[in-house]
Amino acid sequence: MTDFELHFDQSGSGTPLLLIHGFPFDNRSWEGQLKALSRPAHVLAPDLPGFGDSPAGEPPYTMERYAEDCVAVLDGLDITEPVVVGGLSMGGYIALAFVRHFPERVAGLLLASTRPGADSEEGKANRDKAIADVKANGVAALVEGMHPKLLAPSTYETKPEVAARLKGIMLNASEAGVVGALQAMRDRPDATEELAQIEVPALVIHGEEDGVIPISEAEDMAAALPYAELVRVADAGHLPNMEQPQVFNEAVEAFLGRI
Ligand code: MLT
């Protein structure tokens with residue numbers, strides 16, 4: 001566990017809803033959810049170590065350690081009842097680690113733009129290349145390569161402010177946070193076989209035009225989870241919560257109503 005508490009933002013009162021951001025974002029990527037979901041939920045959005053306003057701390061990071069850090073946020077607020085754990089992409093890998101290690105603290109799972117599988121050998125090699133690239137050329141080089149692939153083509157065209165906002169968030173990531181997260185993603189375990197044992201309701205939500213994680217992987221994940229529903233978001237890529245916040249929030253609100 002990290003030896004300091006993560007920075008987080010919160011709003012609302014109701015069912016605790018933990019929203020864990022993806023890579024290399026921070027909790028500002030949940031801006032469209034923090035207020036909008038504050039009526040049905042007590043929304044909690046941490047910055048992972050080395051992202052946003054959380055310091056980087058000592059490496060190495062793992063999905064388990066990130067999950068422990070999120071539990072520490074709940075403990076710091078005396079939230080002992082089970083919560084809805086939500087994560088986007090890398091945040092989803094952390095949500096799956098959370099339910100693996102702290103099943104008694106999970107009332108439901110929100111898995112956005114994510115997958116249960118581990119990196120392939122090629123994927124691991126790409127993480128190593130990215131780590132070397134970030135160490136040699138800085139975070140901006142990674143952002144230049146990644147940012148054009150994240151959103152649906154129509155988002156770049158019709159919502160340039162969303163694309164610009166996302167880029168600003170990415171450029172704010174620290175080198176230590178980025179390198180640590182790349183290592184943690186490279187080494188994460190495969191959660192595919194565990195899905196069948198996850199006994200809580202799950203909402204799987206995925207952009208139809210996600211170019212990072214194909215929607216077919218979300219379909220397989222939803223089929224393997226005993227109590228899951230899948231929501232496909234049209235005109236959205238890897239960040240449906242930023243690209244189509246209204247559709248995203250309506251799906252989450254309906255899900256919370258069923259928990
Ligand atoms: C993310 O959005 O968190 C990352 O793209 C996930 C990944 O690289 O596996």
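Atoms within a ligand are numbered from 1 in the order they appear, just like the ligands themselves.
Closest heavy-atom approach to atom 5 (O) of ligand 1 within the set R186, M90, H238: this belongs to H238.
The shortest heavy-atom contact between V84 and L109 is CG1-N, 4.5 Å.
The distance from ligand 1 to the heavy atoms of G22 drops below 4.0 Å at these ligand atoms: 3 (O). For ligand 1, the atoms closer than 4.0 angstrom to any heavy atom of M185 are 6 (C), 7 (C), 8 (O), 9 (O).
Between Q10 and L77, the closest side-chain pair of non-hydrogen atoms falls below 4.5 Å.
Ligand 1 is never approached by K149 to a heavy-atom distance shorter than 4.0 Å.
Considering backbone and side-chain N/O of L88, none are found under 3.5 Å from N/O of ligand 1. Between Y93 and ligand 1, a contact under 3.5 Å exists for at least one N or O pair.
Aromatic ring centroids of Y61 and Y66 lie under 6.0 Å apart.
Contacts between R127 and ligand 1, counted as non-hydrogen atom pairs separated by less than 4.0 Å, involve the side chain only.
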Legend entry - Test log, rule salt bridge (charged side-chain N to carboxylate O under 4.0 Å, His left out), inputs R105 and E81: CA-CA 7 Å; R105 303 198 63 162; E81 80 243 49; over 6 Å; no

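Atom 4 (C) of ligand 1 has S89 OG, 3.3 Å as its closest protein atom, hydrogens excluded (heavy atom only).
Listed for the E243 side chain is a donor-acceptor partner under 3.5 Å among the backbone atoms of A152.
Using a 3.5 Å distance cut-off with no hydrogens or angles, the side chains of Q244 and D235 do not pair a donor with an acceptor.
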